[in-house]
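In what follows, a single structure is set out as structure tokens and then discussed.
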Amino acid sequence: MEWPDDVLTLEEAARLQKDLRKQVVLEDRLPNTLHAVAGLDISHSRFSSRVFAIAVLLDYPSMQVLEEAWTEGEAQFPYISGFLAFRESPFVREALNKLSRRPDLLFVDGQGIAHPRGCGIASQVCVLEDLPGIGCAKSVLYGKHGEVGPEAGDRSPLRGKWDDEIRTLGYAVRTKPRAKPMILSPGHRVSPETSVRLVLDCTRGYRLPEPTRQAHEAANRIRREQESQTAGQMSLGLE
DNA sequence: GCGACAG
DNA sequence: ATCTTGTCGC
């Protein structure tokens with residue numbers, strides 16, 4: 001697959017990840033009382049590199065949706081495992097910055113520090129935005145974990161290298177009975193343990209925590225709205 | 001060299 | 001991520 005080489009080479013991207021990783025804070029540095037949290041997600045088109053990014057602001061702890069903001073554009077980077085942030089973060093950050101106010105905590109789709117170079121998309125976004133945040137992934141990218149109990153809330157540590165030693169980078173967590181565990185890891189300014197507590201705190205009976213679930217639904221909805229609108233304009237000879 | 005491999 | 005309905009299992 002090809003992409004504009006005027007953006008970043010993989011070597012430069014990997015270097016940037018290693019630099020950002022040094023700025024990741026794994027201690028809890030977030031407000032004592034949360035007021036609003038945000039979920040970030042992206043929706044792609046079938047055979048197009050068009051991406052739609054959305055940021056949903058939710059009240060804490062009611063998880064009621066307060067606001068949605070979105071943006072769209074052409075992806076400037078292909079999907080390469082380990083480099084997801086270079087494809088999606090520009091859009092996700094733009095959507096985030098369209099919200100009328102700054103959330104107290106971010107829920108990002110993908111890994112936080114559970115990444116080959118310790119800097120998944122959640123860490124990259126949170127460090128660059130200087131906001132506390134958690135990486136909520138649907139599968140493992142880096143690290144190993146044992147069996148997870150069947151009850152909601154059951155967890156198993158995700159272990160992997162960090163500064164040349166094996167440590168707990170995050171947790172595989174059963175957010176819903178019989179559903180595949182979510183893979184959680186700190187993005188920035190939250191510990192692995194607090195990440196689990198906050199995600200369970202923001203989960204409402206579904207596998208995905210509410211901020212992520214709402215962002216995912218909104219992203220799909222908005223992409224379909226925009227695609228059908230674009231199709232209508234084309235049939236009228238516009239665009 | 002052989003697997004693993006976020007969205 | 002996206003394409004997609006019903007259907008098998010807890």
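Lettering follows sequence order; numbering is per chain, from 1. Both backbone and side-chain heavy atoms feed into the values below; hydrogens, waters and symmetry mates do not.
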* Asked: A:S43 side chain N/O closer than 4.0 Å to the phosphate oxygens (OP1, OP2) of C:dA1?
  -> no
* To do: Using atom CD1 of A:I222 as one end and atom P of C:dT2 as the other, report the distance to the nearest whole Å.
  => 13 Å
* Roughly, in whole Å, what's the span from CD in A:Q226 to P in C:dT2? -> 16 Å
* When the distance from CG of A:D109 to P of C:dT2 is rounded to whole Å, what number comes out? -> 10 Å
* To do: Report yes if a side-chain nitrogen or oxygen of A:N220 is closer than 4.0 Å to either non-bridging phosphate oxygen (OP1 or OP2) of C:dA1; otherwise report no.
  => no
* Does the side chain of A:H216 get closer than 4.0 angstrom to OP1 or OP2 of B:dG7 through an N or O atom? -> no
* Distance, rounded to the nearest Å, where A:L141 contributes CG and B:dG7 contributes C1' -> 10 Å
* Where the side chain of A:Q124 meets the backbone of A:F86, is there a donor-acceptor pair that is under 3.5 Å apart? -> no
* Would you mind classifying the nucleic acid contact of A:F83 as base, sugar-phosphate or nothing, using non-hydrogen atoms under 4.0 angstrom? => base
* Structure fact -> note: A:L169, atom CG; B:dA6, atom P; distance rounded to Å ~ 16 Å
* Taking CZ from A:R224 and C1' from C:dT4, how many angstroms apart are they, rounded to a whole number? -> 10 Å
* Qualifying residue, where the test is side-chain contact (heavy atoms from CB on, under 4.5 Å) with A:I134 and the options are A:L106, A:V108, A:L105, A:V37 -> A:L105
* Structure fact -> Of the listed B:dG7, B:dA6, C:dT2, the closest approach to the A:E88 side chain comes from B:dG7
* Options C:dT2, B:dC5, B:dG7, nucleotide nearest the side-chain atoms of A:K138 -> B:dG7
* Nearest-nucleotide pick for A:I121, side chain only, options being C:dT2, B:dA6, C:dA1 -> B:dA6
* So, is A:S81 near the phosphate of B:dA4, with a side-chain N or O under 4.0 Å from OP1 or OP2? -> no
* To do: Give the cluster check for A:L20 versus A:Y142: same hydrophobic cluster or not, with ILVMFWY residues linked at side-chain heavy-atom distances below 4.5 Å.
  => yes
* To do: First locate atom CZ of A:R167, then atom CH2 of A:W162, and finally report the distance between them rounded to the nearest 0.5 Å.
  => 7.0 Å
* Out of curiosity, does A:M182 fall in the hydrophobic cluster containing A:Y171 (side-chain heavy atoms, cut-off under 4.5 Å, transitive links)? -> yes
* With a centroid cutoff of 5.5 Å and a plane-angle limit of 30°, would you call A:Y79 stacked on B:dG7? -> yes
* Asked: Taking atom P of C:dA1 as reference, at what distance in whole Å does atom CD of A:E217 sit?
  -> 13 Å
* **A:R223 side chain, from C-beta outward: closest of C:dT2, B:dA6, B:dG7** => C:dT2
* To do: Please state how far atom NZ in A:K144 lies from atom P in B:dA6, giving the value in whole angstrom units.
  => 13 Å
* **Touch class at under 4.0 angstrom, heavy-atom based, for A:G82 against every strand present** => base
* To do: Classify the nucleic acid contact of A:V140 as base, sugar-phosphate or nothing, counting any heavy atom under 4.0 Å across all strands shown.
  => sugar-phosphate
* To do: Go through C:dT2, B:dA6, C:dC3 for me and flag the one nearest to the A:H44 side chain.
  => C:dT2
* Asked: Is there side-chain contact between A:L184 and A:R155, with at least one heavy-atom pair below 4.5 Å?
  -> no
